[in-house]
J.: 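Take a look at the following structure, please.
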Amino acid sequence: MLEKLNSVFLEEASDLLASLEDNLLSLESDPGNADLISAVFRVMHTIKGSAGMFGFDDISKFTHEIETAYDLVRSGKIKVTPGLIELTLKARDVINSMLESTDGTIPDNVREMTESLKKEFRAISGSNEGSKTDSSRNPSVNGSKAEKKDTTLPENENHFRIKFTPSPDFFHSGTRVVLLIGELAEMGRITVTSFTDPIPALSDIDPEKCYMSWSIILSTKHSLEEVQDVFIFVDSSAVSIEPVNFATSDSKKIGEILLEQKSISSEDIDKIIKQQKKLGELLVENKVVRPQEVNAALAEQQHFKKLAEEQKAADDYKTQPHSISQQSIRVNSEKLDQLIDLVGELVTFSARLNQSAQESKLSSLITLSEQSERLILSLRDTSMDMRMLPIGTMFSRFRRVVHDLASDLNKKIELVTEGAETELDKTVIEKLNDPLIHLIRNSADHGIESPEERKAAGKDVTGVIKLSASHAGAFVVVSVSDDGVGIEKKKVFDKAVSRGLVQPTDILSDSEIYNLIFQPGFSTSEKVTSVSGRGVGLDVVKKDITSLGGTVSIETGEGKGSTFILKIPLTLAIIEGMLVKVGDNVYVVPLTNIEECLEFNPEKDDEGKICSHISARGQMLPYVDLRKWFEIEGDAPSYRQVVVVNDQDSKLGLVVDKVIGNHQTVIKPLGALYKNVQGLSGATLLGDGSVALILDVFKLSDVVKKETT
């Protein structure tokens, strides 16, 4: 159980650090933004409290130093500076390293850095740190009531009624109640009432069970979300947090408070009042409420009376309750992958059931088959949507990459993102990370000029790298562009000649010259640096994107910048396909690539060539004869068809014997033995249990281009 809770803490902390990095980089460009400052403080406060709760003391102590500094920033005593931002980013990396260690301690390789950072943060905090003593933060929770006192009443406070009713098994989680209440006490004034009546006789007590519950009144400058964060690792059903209107709370009667707490109903009050006794006594005597509940109501009444006495001229103040709904849950990615695999098996089962129904010609079985197909397709779409993530989850990581690159290269670079809400399969997003990092590094080093060069060219001294994403049918187009110098064709060509990739007399188109930079080991850098010069980068981009079934293209203009365009399929698991037959073999063509199907009527004999041209709608269309490409024996039928497909910037024809029809295709990877076979991207199971190979349109297009030029 503890291991699972630690795992939850580590995952939540990692998410918080990711948001921290994003907030810090935003704060760098807007240092006076109070919301961003509060967000940074809140992350540090949450990690500190949660780390202490779960026994990660090194993390808790280190984070406390940063929290103290940003508490002073938040109160306006110190200002945000680039040095503070840089220091906090380093501290964020150290915390991340500590989280990655198995026991939450500081690894030896970062211990020295940690101590250095602590000293720097203490220097920033100065003597202000001593103004907060621990004795003012720790409430007494041993009695039935506990109260935290202060000499002044802050303005614009929020007031919350908190009911904490943990389950009997609560202690198994390793969470300590005293730390939770202690953290609430740090946030403001609290009044705590303990409910002890459920505690059995000593002989019947199970020391591993939690019998108590607590009612807490909190007055604080913190928001509802920040109060909820104290209970972030506690079952939400055990905690109830409600805003309270201070303007009328000091004059509320006991009955009104009990009504708000939902301890009694108005009918109960009317019944008891008729007995002409003190309401609290009557309610206890009639066993409508427990004595502790009356004590909690009295404590709340006294809490607000004291606040009213200290602030005689207080204006009406009413907190706005926030509607918090649980709209998402955290699911292990392996479980999602397993779900997709099972849905894929169901799709295959549905195809087999449909085929059996058609062969049997039983109307009842056909009806059941059709209903099954509808349900399974609906399940398929739903499960696929579950794996779709906004690409912005990845875009946000690159802000730090650009920040660090600009610092290393002594350049001023700004990252701009567009289309962050575009959704893509999580497995595709994971495989896009490395290619995009290489492209961003390339733009920062080769594309963006130094501030002096940009100023001389009449440009803004701050270069811009733009990341954008958009949907294009069953594909997502991701582009990385910059407003730098662009690609110099002559420089690229000369470098290719020197490496023997082309001959000096070769005549190449602009596109062919630009594509030379994707060759392994190709680099135009004159010297090797920590960023570039070793020729490792763009060839990896080409390889990774091709392995995803996507393409890479370049648009550039000398002096105007460059744009790398990646076209990637939405998902790698299930696709819509078109079944085609060649000889006795069945193949699948991805439906998103298909333009149309035509009759195959070559004007002249192709003389046994695999690739040639036919006339289609007034234009010459290159094609590949799949029967010859796959060396299928036997004579071709007299009537054949051409499936016209596109490969992003051109069209080609696939000559087949017969077009069968649509098919829900569950992609299965080919074994290691067939991974180098050109023209195939995977396989799928048909309804009769046979295997159909999935054609790789992009690879076939490359073959046609080479054969026909």
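Being a predicted model, the structure only gives us computed values, none of them experimental.
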J.: With a 4.5 Å limit on heavy-atom distance, are the side chains of Glu21 and Leu25 in contact?
T.: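 Yes - at least one pair of side-chain heavy atoms lies under 4.5 Å apart.
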J.: Which residues pass the salt bridge (Lys or Arg N to Asp or Glu O under 4.0 Å) test with Lys163, not counting sequence neighbours?
T.: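 Partners of Lys163 by the salt bridge (Lys or Arg N to Asp or Glu O under 4.0 Å) criterion come out as none, since no residue qualifies.
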J.: So Leu84 and Tyr70, do their side chains get closer than 4.5 Å, heavy atoms only?
T.: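 Yes; the side chains approach each other to less than 4.5 Å.
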J.: Can a donor-acceptor pair be found, under 3.5 Å and without considering hydrogens, that links the side chain of Tyr211 to the backbone of Asp206?
T.: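 Side chain of Tyr211 to backbone of Asp206: a pair is present.
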J.: Hey, what do you get for CZ (Phe395) to OG1 (Thr417), rounding to the nearest 0.5 Å?
T.: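 Nearest 0.5 Å value for the CZ-OG1 distance: 7.0 Å.
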J.: Would you say Ser97's side chain and Asp93's backbone share a donor-acceptor pair under 3.5 angstrom?
T.: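 Yes: the side chain of Ser97 pairs with the backbone of Asp93.
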J.: State whether Arg399 and Glu28 are salt-bridged, where the test is any N-O pair (Lys NZ or Arg NE/NH1/NH2 against Asp/Glu carboxylate O) under 4.0 Å.
T.: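 Salt bridge flag = no for Glu28 with Arg399.
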J.: So, does Thr422 use its side chain to make a donor-acceptor pair with the main chain of Ala469 at under 3.5 Å?
T.: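 Looks like yes, one N/O pair under 3.5 Å.
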J.: Report yes if some heavy atom in the side chain of His403 is under 4.5 Å from a heavy atom in the side chain of Leu415; otherwise report no.
T.: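 No. Closest side-chain heavy atoms not under 4.5 Å.
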J.: Ion pair present between Lys426 and Glu430, side-chain N to carboxylate O less than 4.0 angstrom?
T.: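 Yes, charged N to carboxylate O under 4.0 Å.
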J.: Decide yes or no for Thr88 and Leu27: does some side-chain heavy atom of the first lie under 4.5 Å from some side-chain heavy atom of the second?
T.: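 With C-beta onward as the side chain, the pair stays apart.
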J.: Using modelled atom types only, decide if a donor and an acceptor are shared between the side chain of Thr165 and the backbone of Ala238 within a distance under 3.5 Å.
T.: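 No; judged by distance alone, with no hydrogens or angles, the pair does not exist.
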J.: When you look at Asp425 and Met388, which way does the side chain to side chain contact (heavy atoms under 4.5 Å, CB included) test go after all the steps?
T.: CA-CA 4 Å; Asp425 191 296; Met388 303 297 278; 4.3 Å; yes
J.: What is the ring orientation for His45 with Phe41, classed by angle as parallel under 30°, tilted 30 to 60°, or perpendicular over 60°?
T.: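 The rings of His45 and Phe41 lie parallel, inter-plane angle below 30°.
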J.: Can you tell if the side chain of Trp214 reaches within under 4.5 Å of the side chain of Ile162, non-hydrogen atoms only?
T.: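 No, too far: nothing below the 4.5 Å cut-off.
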J.: For the residue pair Val343 and Ser383, what are the closest heavy atoms and their distance?
T.: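 Heavy-atom minimum between the residues: CG2-OG, 3.6 Å.
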J.: Would you say the side chain of Leu17 lies within less than 4.5 Å of the side chain of Ile47, judging by non-hydrogen atoms?
T.: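 Yes, at least one pair of side-chain atoms sits under 4.5 Å.
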J.: Scan Lys48, His64, Met98 and name whichever one has a side chain to side chain contact (heavy atoms under 4.5 Å, CB included) with Ile59.
T.: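 The side chain to side chain contact (heavy atoms under 4.5 Å, CB included) with Ile59 is passed solely by Met98 among Lys48, His64, Met98.
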J.: So Lys221 and Asn158, do their side chains get closer than 4.5 Å, heavy atoms only?
T.: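 No, side chains not in contact.
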J.: Ignoring hydrogens and geometry, is there a side-chain-to-backbone donor-acceptor pair from Ser19 to Leu16 under 3.5 Å?
T.: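 The answer is yes, because a donor-acceptor pair under 3.5 Å joins these two groups.
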J.: So how far is it from Glu183 CD to Ile181 CD1, rounded to the nearest 0.5 Å?
T.: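 These two atoms lie 11.5 Å from each other.
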J.: I'd like to know whether Ile37 forms a side chain to side chain contact (heavy atoms under 4.5 Å, CB included) with Asn33, so could you lay out the CA-CA distance, the side-chain angles of the two residues, the decisive distance to 0.1 Å, and finally the verdict.
T.: CA-CA 6 Å; Ile37 294 171; Asn33 191 313; 5.9 Å; no
J.: Using a 3.5 Å distance criterion without hydrogens, assess whether the side chain of Glu65 forms a donor-acceptor pair with backbone atoms of Phe62.
T.: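 Not a single qualifying donor-acceptor pair exists.
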J.: Ignoring hydrogens and geometry beyond distance, is a side-chain donor-acceptor pair present between Ser167 and Asp169 at under 3.5 Å?
T.: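 There is no such pair (donor and acceptor under 3.5 Å, judged by atom type) between the side chains of Ser167 and Asp169.
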